There are 2 protein chains.
Amino acid sequence: MDIMAAARAIFLEKGYEEAVMSEIAARADLVEGSLYRFFDTKHGLLIAVVEACYEEILADYDQQLAGISGVRNRLRFMIWRMLVAMQDNPDLGRLVYRHILPEANYLSTRIYELNREYAAHIDNIVTEGITAGELRAETPMWLVRQLIMGGIDQLTWRHRMGLGDFDAAQTADEMTDFIYRGLAAGGHPDDVAARLEATSRDLSTTATQLASMLGPQNVYTETKKSD
Amino acid sequence: MDIMAAARAIFLEKGYEEAVMSEIAARADLVEGSLYRFFDTKHGLLIAVVEACYEEILADYDQQLAGISGVRNRLRFMIWRMLVAMQDNPDLGRLVYRHILPEANYLSTRIYELNREYAAHIDNIVTEGITAGELRAETPMWLVRQLIMGGIDQLTWRHRMGLGDFDAAQTADEMTDFIYRGLAAGGHPDDVAARLEATSRDLSTTATQLASMLGPQNVYTETKKSD
DNA sequence: GAGCCTTAATGAGCGTAACTCATCAACGAA
DNA sequence: TTCGTTGATGAGTTACGCTCATTAAGGCTC
């Protein structure tokens with residue numbers, strides 16, 4: 001077993017401080033000193049491990065996102081996806097929130113990079129919504145981003161601490177609902193009509209996709225680029 | 001100088017791990033071993049110190065709140081007050097977010113108690129707004145609470161890490177604005193457009209869920225089929 | 001195959017810091 | 001003066017991250 005695999009197993013199982021370097025070395029069939037040929041420090045090893053996990057877990061969410069249409073649905077997917085990741089990996093979450101995010105060198109980490117990408121996706125979705133007239137133009141996007149990410153942190157905190165669980169789908173629903181209401185253009189009839197139109201358009205697209213999956217030959221039908 | 005004062009000075013100045021018990025003892029004109037007559041462990045001492053700080057800083061915010069009327073204004077005050085506290089005490093914030101909140105014994109802490117009181121105030125304000133008909137009755141209060149607290153965490157993170165500052169008043173304004181819009185009662189409940197919109201929105205969400213269930217992670221590529 | 005050189009692994013050891021415990025000083029009572 | 005009790009003391013103990021001189025291994029030249 002190589003160092004990364006051994007370290008991952010022990011970090012996830014015991015947490016950062018309880019994990020001792022000698023045990024990681026032993027599980028990797030090495031001696032303690034040899035670890036320091038590959039990783040400068042215990043914390044450096046942790047960062048490498050968490051980066052690897054993070055990358056696996058959030059692997060292709062952007063490709064999945066590409067298959068989802070509609071501002072609201074896309075927003076919901078982003079929230080739901082992160083909630084599920086947190087729900088499935090509480091151990092990893094603990095490591096991240098306790099020993100990665102609060103460290104000074106977090107900003108030079110790949111994890112920071114990945115979090116920025118996630119945030120950028122949210123920004124893009126909101127921007128799309130604004131240009132489509134579906135969302136208010138004055139929306140401070142940084143605030144939306146921070147509220148979503150901070151909210152996810154809070155909402156998953158109890159589960160991460162081993163106290164109770166949560167329903168990812170339902171939580172995503174309610175959170176999306178609230179955020180969207182804060183984002184949505186005002187209650188003028190025109191705006192409502194625009195949103196109605198956008199929603200039914202999304203519905204049509206999704207239904208088409210659905211139909212293509214359920215169809216006899218299960219053939220993919222090109223639905224986009226129609227204009 | 002007594003132990004608490006010495007510990008507070010050193011914890012705030014150097015952070016948790018850099019603070020060493022022998023130095024705290026020295027500043028309190030004691031010897032290291034004597035600390036353990038009064039506090040079982042280093043972390044126990046930290047908790048005592050942070051509790052004291054917390055209580056001083058958030059001393060009489062509820063009295064100030066009592067002088068503010070209007071759901072929106074009261075909500076803004078709560079947000080603003082916490083933002084200012086975070087802005088004025090970044091060192092304390094670091095201790096709290098890194099070494100108090102993530103610990104297993106946090107729930108048995110006075111700090112947890114104080115946070116609950118803060119959250120309860122937010123709940124009360126929202127409840128008032130609902131009974132006054134100003135806010136939507138279906139509002140999930142737990143969500144609002146979590147979004148606000150998580151958002152404050154995120155928004156103050158950079159400053160806590162020593163990177164840049166923020167304008168507490170303006171941030172509070174924008175945050176309140178967004179949250180309130182999510183909370184505010186829309187048109188009449190029997191407004192046809194609103195009902196229609198809600199229904200088609202739900203339908204769209206359901207269809208998206210359906211699609212992702214049918215094609216596991218393949219909503220977008222159903223182009224090739226392997227026979 | 002013999003000598004040599006570069007590179008990688010070893011494990012004994014160091015430094016530090018939280019925490020403990022046998023000891024001892026201070027002080028009141030006999 | 002002597003004894004008993006209380007509470008501070010500081011010299012350990014332990015644990016763990018990290019280092020470094022030494023040794024083994026694997027390829028390259030003659």
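Just so it is clear, the structure is predicted and the values come from calculations on it, not from any experiment. The chains referred to below are lettered A, B, ... by the order of the sequence lines, with proteins before strands, and numbering in each begins at 1.
- Heavy atoms of A/V20 sit under 4.0 angstrom from primed sugar atoms or phosphate atoms, though from no base atom.
- Taking the six-membered ring where the residue is Trp, B/Y16 and B/H99 present tilted rings, their angle falling between 30° and 60°.
- With rounding to whole Å, A/I3 atom CD1 is found 13 Å from C/dA8 atom P.
- As a whole-Å value, the separation of B/E23 CD from D/dG10 P is 18 Å.
- At the heavy-atom level, A/F38 lies under 4.0 Å from the strands shown only through sugar-phosphate atoms.
- For the pair B/R37 and A/E18, nearest-nucleotide mapping onto DNA chain D gives the more 5' position to B/R37.
- When heavy atoms are screened at a 4.0 angstrom cut-off, A/A19 is found touching the sugar-phosphate backbone but no base atom.
- Between A/R98 and B/E103, at least one side-chain nitrogen of the basic residue sits less than 4.0 Å from a carboxylate oxygen of the acidic one, meeting the salt-bridge criterion.
- Between A/S22 and the phosphate of D/dC16, there is no side-chain N or O to OP1/OP2 separation shorter than 4.0 Å.
- Comparing A/S34 and A/E17, the nucleotide of DNA chain D nearest to each residue sits closer to the 5' end for A/E17.
- Checking A/G33 against B/D40, the closest nucleotide of DNA chain C that is more toward the 5' end is the one next to A/G33.
- The base of D/dC16 is not paired with the side chain of A/E32 by any donor and acceptor separated by under 3.5 Å.
- One atom, NE2 of A/H43, and another, C1' of D/dC18, lie 16 Å apart when rounded to the nearest Å.
- Residue-level contact check: A/L30 touches the backbone only, with heavy atoms under 4.0 Å from sugar-phosphate atoms and none from bases.
- The side-chain tip of A/R72 points at the ring of A/Y180 from less than 6.0 angstrom away and within 45° of straight on.
- In this entry the distance linking OH of A/Y36 with C1' of D/dT19 reads 10 Å, nearest Å.
- Straight-line distance from the CZ atom of A/F11 to the P atom of D/dC16: 13 Å, rounded to whole Å.
- Summarising the geometry, the separation between CE on A/M21 and C1' on C/dG11 is reported as 15 Å, rounded to the nearest angstrom.
- As rounded to whole Å, 14 Å separates atom P of D/dA8 from atom CG of B/D2.
- Put simply, the side chain of A/N105 reaches to within 4.5 Å of the side chain of A/H43, judged on heavy atoms.
- Counting all heavy atoms, side chain and backbone alike, B/Y106 lies closest to B/Y112 at O-CB, 3.2 Å.
- Atom CG in B/L35 sits roughly 10 Å away from atom P in D/dT9 (whole-Å rounding).
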